[in-house]
Structures are given as structure tokens and as C-alpha cells.
2 protein chains.
Amino acid sequence: MASLTRVIENYINSLFSEVEEPSISLRRKELAEHFGCVPSQINYVLRSRFTPERGYIVESQRGGHGFIRIVRICYDMPDEKISHIDDIVGDSITEQGARRVLASLHERGMIDMKERLLIEVAMRHTDELGSGEFDISPYRRNALAAELLKRMLRSLILS
Amino acid sequence: MASLTRVIENYINSLFSEVEEPSISLRRKELAEHFGCVPSQINYVLRSRFTPERGYIVESQRGGHGFIRIVRICYDMPDEKISHIDDIVGDSITEQGARRVLASLHERGMIDMKERLLIEVAMRHTDELGSGEFDISPYRRNALAAELLKRMLRSLILS
DNA sequence: CCGGTATTGACTATTACTGACCTATACAGT
DNA sequence: ACTGTATAGGTCAGTAATAGTCAATACCGG
């Protein structure tokens, strides 16, 4: 029962695999017809799957000869990676948000499964302390979670 | 007797046995209907049984085509190794003691550099919180440190 | 009886998808 | 140049389908 969104996402990913280039171009209307859906479905896929958080930038142009271009960003330098981490984690993060970040980084090959597991254990422990005996506000807990997550990810990237 | 939680836990484990894959997918609603319970019972089973500490990662998505995926990192967690961890860490540990343990495990090839670093970062963060804004006694801090260290080590003593 | 574990359900949050309406661009005719 | 028109893509709000959270309650082993 694959969802349409995932099907389209996979299709676009296969386009990236076929060519070596870091960017591909699409026509929204054609893609929509190909998958038998409304054009705005394509926007939904782009907004939810090809985000900066996942390492993509989307450009487009309307009107005659309109197009949509998806660019895959490559972060090589350690300091680029660090600032990317800081961007996607932010100053506050929920448990769900943290899991999304970890899943995304894992999918992109930036962390492996064991590292992901360790980070989850540490965050869970910290959150238990915060909600238990320390009795910290949820707002503050999310700020602490973001700080811990960034520290752990930074240390991974620099090592 | 056989509590529902244990029944569901066993059912999920049997799914892992049936397929060789390291991950399985579920629909919370279907599973709940299958066992005639409320959907949130499934969350309880996942929270209490399929934790990162036990070597599992749980991913999920709400909304249309939602799912719950359970990834098993650890195939068998030998009890001797766990009790070994408990022995060498104990119920309380100093920062230096923790470093000695990590260095020893690293030398014996049981953890790699990145894992060691991750654990140190998490412990330092927790200790900073305890000694800083929460003013926890040194004795209690060492107990928390031991707890965190054991949890993280247990989660990655595998294969 | 006590303390922890298990169960429930009301309320909340998120996601996929659609369709009506909005905006931008190129180009041809004047 | 100016303007109209055809041809793109963008936005937003609504709906249905899922999953998550939390606190109250029930249950069970010691």
C-alpha cells in the first residue's frame, strides 16, 4: 500500500541515480499526469521530501517554459556540516523532531545505526531526568535536548 | 499470567523470527484491532519493550498511510555481557572512572572511537547540568553517570 | 496494603491528497 | 514598445486517515 507521495519521491530519486549531476529538472504538469494526480500533489512531495533539512534546494519558474529544478546539496567541509547540523536541529527540538533528524542523517549516510542508537539512549535518559526528578518545563527540556543532540552530532562529524 | 503487553511483545518478536529482515512494519490500528485493545496499548508495548536501550529503533509516521517500523539492531544480547557491564560500571562512577572503563573497552575492541566519543559527550552534558543549574550532589551525580553509562553500553554491546 | 506495571480513552498532532483560486512568464500580434 | 493570451507553476484551506500523549484507573506480585 505504497502512498503516492512515496512513489513520486522514489521516482525523483531514481532520476538522481540515473544522472550524475547534482540537479534535475521536471515539468510539474507532466509529472502529475504521469502519476494521475493533481499538480499540487507534486508541490506536496517537494515540500515534504526535498527540503533543505534533507539536503535539497528546489527552484522553479512559472509561465511559458516553466520548470522545477531540484538541487542536491553536498556538504564536504566539516564547518559546512556543522552549520547544517545547527540549522536543522535549531535551539529547541521535540523528541519526534530529533527522531526525524536522526532518520534523515542516517538515510544520508552521515551517521550509522549504532551511533543513532546511542544518541537515542542518551536523549531518552536526559529527558527522563528532566521530566522526572528535575521537573523541568517542557520548553526547557526541548532546549536541552537540542543542545545535547547538536553536541553529539558535532562530535561525530569532527571525528 | 500472560499479560496483553507480553502477548503483543511476543507477537512482534515472532514477526522478527519469520522474516530475516532487520526491520518490520506495522499499522497501529490494525494491531490493536487484532488484539482487541485500544491503539495506545501498542505505544505502551513499544515504549516499555522496544527501546533503544534494548537495541531497537522505532520510527513512525502519522496521518494517511501512517505506519510504525521497528528496527532491530541487536540480535542477541547475552546476559553475561550485560552483567559484565553492570559489574565494571557499578552503581556509581566518577568521571575518571568512566573514562577508564571506556578506554578499556576501546582497547579490547568492544567499542570504536566514535562510540566512545559519543558516550563521553553525553556524560559531560549530563554532568554539566547536574553541577550547574540543578545543583545535584556529587554523590547523586555519580549515580546518574553510572546509570547513563550502563544504558549506553548495554545498547551497543552486540554482535 | 503498597508500589510498580498494565490498560483505557479522551484529547491532540500530523500527514496525504484534492480542488478552487492566484501569480508569473513567454510570445505573438499590433 | 504594448497588450492579450496561452501556459506554466504556487498557495491555501478542507477532509479523511493515522499515530501520539497523558492522566486516571485497574491490576498484580510481594
Side-chain angles (χ1 to χ4, degrees), chain A residues 1-12 24-51 53-54 57-70 92-101 103-104 120 123-124 127-128 130-133 135-139 141-142 145, chain B residues 1-12 24-51 54 57-70:
Chain A
M1 184 98 73
S3 75
L4 224 201
T5 296
R6 278 192 281 270
V7 172
I8 298 175
E9 177 189 8
N10 290 338
Y11 176 78
I12 294 175
I24 58 172
S25 285
L26 307 170
R27 320 288 307 255
R28 187 178 82 146
K29 198 176 154 199
E30 284 177 11
L31 243 200
E33 273 165 10
H34 185 258
F35 289 104
C37 61
V38 293
S40 58
Q41 173 76 23
I42 306 302
N43 295 84
Y44 179 72
V45 175
L46 297 175
R47 223 186 11 198
S48 61
R49 304 298 206 265
F50 295 87
T51 61
E53 175 180 316
R54 295 185 182 208
I57 287 185
V58 175
E59 300 167 320
S60 65
Q61 190 169 84
R62 308 188 191 185
H65 305 113
F67 62 86
I68 292 176
R69 179 165 48 229
I70 307 174
S92 176
I93 199 166
T94 62
E95 195 182 325
Q96 285 261 329
R99 275 206 284 262
R100 259 206 314 273
V101 167
S104 164
E120 291 212 7
M123 294 194 71
R124 175 182 262 249
D127 199 63
E128 272 178 28
S131 62
E133 71 184 284
D135 196 34
I136 312 174
S137 76
Y139 177 80
R141 284 211 301 276
N142 289 345
Chain B
M1 295 283 102
S3 72
L4 224 202
T5 295
R6 271 187 284 260
V7 172
I8 298 175
E9 178 187 9
N10 290 337
Y11 176 78
I12 293 175
I24 57 174
S25 283
L26 307 170
R27 325 243 3 192
R28 189 179 80 146
K29 199 175 149 202
E30 283 178 11
L31 201 53
E33 273 165 11
H34 185 260
F35 289 104
C37 62
V38 293
S40 57
Q41 174 78 24
I42 307 303
N43 295 83
Y44 179 73
V45 175
L46 296 175
R47 248 202 346 266
S48 60
R49 306 294 204 265
F50 296 88
T51 63
R54 296 186 183 198
I57 294 220
V58 175
E59 297 173 303
S60 65
Q61 192 167 81
R62 307 188 192 185
H65 301 103
F67 63 85
I68 292 176
R69 177 163 49 229
I70 308 173

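All figures in this text were calculated on a predicted structure; none of them were measured in a lab. The sequence lines fix the lettering, A, B, ..., with proteins before strands; numbering per chain opens at 1.
- In this structure, the separation between CG on Asp127(A) and CD on Glu95(A) is 6.0 Å, given to the nearest 0.5 Å.
- Look at CZ on Arg69(A): it is 16 Å from C1' on dA8(D), rounded to the nearest Å.
- Rounded to the nearest 0.5 angstrom, Ile8(B) CD1 and Ile42(B) CD1 are separated by 4.0 Å.
- For Tyr44(B), there are no ring pair (Phe, Tyr, Trp, His ring centres under 6.0 Å) partners at least two apart in sequence or on another chain.
- With sequence neighbours left out, Thr94(A) forms a side-chain contact (heavy atoms from CB on, under 4.5 Å) with Gln96(A), Asn142(A).
- Rounded to whole angstrom, the span from the CD atom of Glu95(A) across to the P atom of dT21(D) amounts to 6 Å.
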With B for base contact, S for sugar-phosphate-only contact and - for none (protein heavy atoms under 4.0 Å), nucleotides 13-21 of chain C reads BBBBSBB--
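- For the atom pair CD1 (Ile68(B)) and CZ (Phe50(B)), the distance works out to 11.5 Å, reported to the nearest 0.5 Å.
- Residue pairs meeting the side-chain hydrogen bond (donor to acceptor under 3.5 Å, both in side chains) criterion with at least one member in residues 34-43 of chain A, sequence neighbours excluded, are Thr5(A)-Gln41(A), Arg28(A)-Asn43(A).
- Summarising the geometry, the separation between CG on Asn43(B) and P on dT5(C) is reported as 18 Å, rounded to the nearest angstrom.
- Here Arg6(A) contributes atom CZ and Arg49(A) contributes atom CZ; the two are 6.5 Å apart, rounded to the nearest 0.5 Å.
- What you find for Gly130(A) and Arg141(A) is that their closest heavy atoms are C-CD, 3.6 Å.
- Between Ile68(B) atom CD1 and dG20(D) atom C1' there is a gap of 9 Å when expressed in whole angstrom units.
- The CD1 atom of Ile70(A) sits 10.5 Å away from atom CD of Glu59(A), with the distance rounded to the nearest 0.5 Å.
- A pairwise comparison of heavy atoms in Arg54(B) and Glu9(B) identifies NH1-OE2, 4.1 Å as the closest pair.
- Separating the CG atom of Leu46(B) from the P atom of dA6(C) is a distance of 13 Å, rounded to the nearest angstrom.
- Bending across the helix from dC1(C)-dG30(D) to dT30(C)-dA1(D), expressed as the angle between its end axes from five pairs apiece, amounts to 20° (10° rounding).
- Rounding to the nearest 0.5 Å places CD of Glu30(A) at 7.5 Å from CD of Glu33(A).
- We find that CG of Leu26(A) is positioned 14 Å from P of dA8(D), with the value rounded to whole Å.
- Only at 4.0 angstrom or more do the heavy atoms of residues 27-35 of chain A sit from any atom of DNA chain C, so none qualifies.
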